[in-house]
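For clarity, every value in this text was computed on a predicted model and none was experimentally measured. One-based numbering, in listed order, for ligands and for the atoms of each.
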Amino acid sequence: MDIHQFTISQLAEQLTARRLSSREATEAVLDRIEATGERVNAYITVDREGALAAAEAADRRLATGGAPPLCGVPVAIKDLLCTKGVRTTGGSEILENFVPPYSATVVEKLQQAGAVLVGKTTMDEFAMGSSNEHCALAVPRNPWNLDYICGGSSGGSAAAVAADQCMAALGTDTGGSIRQPASNCGVVGVKPTYGRVSRYGVLAFASSLDQVGPLTKDVRDAALLLNAICGHDPRDSTSVHEPVPDFTAELGCGLAGLRFGLPREYFEVGLDEDVKKAVMAAIGQLEEAGAEVREISLPRTEYGVAAYYLIAPAEASSNLSRYDGVRYGYRDQDAQDLLEMYRRSRSRGFGREVKRRIIIGTYALSSGYYDAFYRKASQVRALIIEDYRRALQECDVIISPVTPTPAWPLGSKSDPLSMYLTDILTIPTNLAGLPGMSLPCGFSHNGLPIGLQLQAGHFREDLLLRAAATIEERLGFAGRRPRL
Ligand code: GLN
């Protein structure tokens with residue numbers, strides 16, 4: 001096994017035993033990026049110097065003993081998260097040269113744990129998209145088949161993990177952006193409960209939905225990263241004072257006492273045959289392992305997309321008003337007056353999809369339309385939350401596909417609506433603020449990964465991880481990597 005193929009836990013074992021240095025591991029990862037980076041295109045920025053300096057600091061800390069499990073481990077960060085002194089673009093031309101004067105709380109936490117930040121991964125512009133094709137700076141390719149999408153919006157993070165160009169990565173999930181690319185690239189992705197992880201320093205898309213989470217090579221690594229990033233942050237008023245358990249503690253506990261629910265409506269959305277087969281096989285494994293699986297109902301599932309595509313653009317239209325050419329990023333130089341400067345900076349700086357969302361959101365919030373659109377969407381959101389409340393009385397973990405289809409060929413989906421509809425099975429989780437995850441459960445007939453989605457009650461990431469660890473062990477897909 002090559003060094004770049006290690007999981008976090010495998011590498012941590014080598015590092016703490018001093019059989020390998022962080023410098024060696026970081027160089028191995030940087031070499032891997034050099035060798036395969038151009039084909040996969042997962043990174044917007046690779047911080048070679050910063051990474052090597054951090055690795056040397058980690059080696060000094062490892063030498064004293066007692067370093068945390070992330071110490072010296074090369075990780076990648078979605079380019080939506082501010083990194084002090086390292087360019088942070090949000091995948092947008094408007095921020096192409098933006099270097100933040102501070103770091104996101106999650107980035108600070110990783111650095112405090114000794115992690116080595118190797119670079120910033122590509123993404124759909126301002127995290128708006130499901131394929132990672134809406135990026136002004138780098139469109140990544142699926143490591144399993146370079147002609148296919150990685151999924152979005154955290155496509156670069158998923159691709160970097162799948163291609164062994166980092167041990168693990170952080171992404172964000174507003175309507176599926178961690179789970180969907182994780183599913184498409186055959187890695188594990190967790191979207192924590194809303195409020196579990198600080199959003200401070202994360203370029204805001206839709207503030208009532210955004211959440212940071214890990215993309216990793218296996219379930220244990222996801223638990224390790226969650227241990228490092230969860231917890232209250234006084235700088236994010238929506239982060240909660242909920243105790244953070246050791247998420248690795250129950251990984252080996254099996255399925256005893258866990259009830260699984262299969263939402264009928266998730267199987268009525270025109271699922272691809274390969275997806276259905278892979279998910280049903282995983283469920284068969286659960287039953288064989290003695291788990292209780294029953295059918296449940298989430299009757300308002302089909303309205304999630306419509307509600308989300310009003311609420312998220314409404315919040316985005318407000319959040320993105322800060323990019324005005326004055327305070328951040330790109331400023332048009334030819335304008336004759338202030339209004340023209342705003343107009344030209346925003347027209348040129350933002351891409352088509354972002355402008356579409358700003359227009360939809362501004363319209364949905366405008367006086368006279370607010371009741372018909374934003375208020376209605378919020379009411380639907382309340383009904384979806386109620387659906388989950390009822391369903392989670394009958395089961396502990398909801399099990400389903402992540403997306404209706406596996407990854408599709410780059411450039412093959414051009415109308416926004418069909419793109420939006422691919423989020424139908426992931427959006428409800430965010431509307432309800434619940435934790436959800438994706439883990440590999442099979443492959444399509446043409447060799448593309450398929451993910452299994454698990455959802456649980458608020459703050460029950462422990463249940464997700466416990467179930468996922470058992471499923472992962474029985475299916476044996478962890479460790480399968482694309483040949484590049
Ligand atoms: N695909 C969804 C969107 O385009 C979700 C994106 C996300 O989770 N950031 O809005």
Side-chain angles (χ1 to χ4, degrees), residues 77-81 90-92 121-135 139-140 149-158 169-185 189-194 197 199 202-215 304-317 319-320 350-361 364 377 381 402-405 407-408 413-438 451 453 455:
I77 308 285
K78 184 179 187 178
D79 214 15
L80 195 68
L81 277 54
S92 183
T121 54
T122 187
M123 49 179 287
D124 283 297
E125 186 175 357
F126 288 108
M128 298 176 191
S130 314
S131 69
N132 209 154
E133 291 165 297
H134 304 309
C135 180
V139 174
I149 58 137
C150 293
S153 65
S154 311
S157 289
L170 290 185
T172 64
D173 192 311
T174 305
S177 279
I178 289 175
R179 289 161 288 159
Q180 203 252 37
S183 171
N184 286 327
C185 292
V190 181
K191 176 241 174 257
T193 307
Y194 184 79
V197 181
R199 292 181 299 107
V202 180
L203 305 181
F205 162 15
S207 307
S208 76
L209 301 159
D210 298 342
Q211 196 62 188
V212 178
L215 291 111
V305 170
Y308 171 91
Y309 279 99
L310 286 167
I311 293 169
E315 294 183 19
S317 73
N319 276 327
L320 270 57
F350 289 134
R352 280 173 68 87
E353 182 59 28
V354 171
K355 281 188 261 198
R356 181 175 6 253
R357 305 272 181 120
I358 292 173
I359 291 168
I360 294 173
R381 183 178 194 174
V402 180
T403 51
T405 69
W408 56 87
K413 238 190 243 307
S414 49
D415 70 301
L417 204 57
S418 69
M419 191 76 87
Y420 297 171
L421 280 169
T422 64
D423 303 331
I424 186 160
L425 305 179
T426 48
I427 276 174
T429 329
N430 301 72
L431 289 173
L434 295 170
M437 73 179 288
S438 170
Q453 177 167 246
Q455 303 175 72

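In this structure, Ala312 does not count as a contact residue of ligand 1, since none of its heavy atoms falls inside 4.0 Å of the ligand.
Put simply, the side chain of Ser183 gets close to the backbone of Gly451: a donor and an acceptor are under 3.5 Å apart. In this structure, the side chain of Asp124 engages the main chain of His134 through a donor-acceptor pair within 3.5 Å. Remark: side-chain polar atoms of Gln180 are paired, donor with acceptor, to backbone N or O of Gly152 under 3.5 angstrom.
The atoms of ligand 1 that sit less than 4.0 Å from any heavy atom of Gly129 are 1 (N), 2 (C), 3 (C), 4 (O), 6 (C). Heavy-atom contacts of Ser153 reach the following atoms of ligand 1: 9 (N) (cutoff under 4.0 Å). Taking a cut-off of under 4.0 Å to the non-hydrogen atoms of Tyr309, the atoms of ligand 1 that pass are 1 (N), 2 (C), 3 (C), 4 (O), 10 (O). If you number the atoms of ligand 1 from 1 as listed, the ones under 4.0 Å from a heavy atom of Phe205 come out as 9 (N), 10 (O). Listed by number with element, the atoms of ligand 1 under 4.0 Å from a non-hydrogen atom of Met128 are 4 (O).
For atom 7 (C) of ligand 1, the closest non-hydrogen atom of the protein is Ser177 OG, 2.4 Å. Residue, atom and distance of the protein heavy atom nearest to atom 2 (C) of ligand 1 are Asp423 OD2, 3.1 Å.
With atom 8 (O) of ligand 1 as the reference point, the heavy atom nearest to it among Gly171, Ser130, Ser154, Gly175 is part of Gly175. Compare Arg357, Glu353, Met419 by their heavy atoms: the one nearest to atom 4 (O) of ligand 1 is in Arg357.
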Residue pair Met128, Leu320: steps toward the side chain to side chain contact (heavy atoms under 4.5 Å, CB included) verdict
CA-CA 12 Å; Met128 298 176 191; Leu320 270 57; 3.8 Å; yes
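Using a 4.0 Å cut-off between heavy atoms, Ala127 contacts ligand 1 through both its backbone and its side chain. Of all the heavy atoms of Thr174, the ones lying under 4.0 Å from any atom of ligand 1 are found in both the backbone and the side chain. In Tyr308, the part holding a heavy atom less than 4.0 Å from any atom of ligand 1 is the side chain.
A side-chain contact (heavy atoms from CB on, under 4.5 Å) with Thr426 is found for one member of Gln455, Lys191, Arg179 and no other, namely Arg179.
One distance of note links OG1 of Thr172 with CG of Leu209; it measures 11.5 Å at 0.5 Å rounding. Rounding to the nearest 0.5 angstrom, the gap separating the NZ atom in Lys78 from the OG atom in Ser153 is 3.0 Å. With values rounded to the nearest 0.5 angstrom, Arg357 atom CZ is found 4.5 Å from Tyr309 atom OH.
Using the six-membered ring where Trp is involved, Phe350 and Phe126 have ring planes that are perpendicular, over 60° apart on the 30 and 60° scheme.
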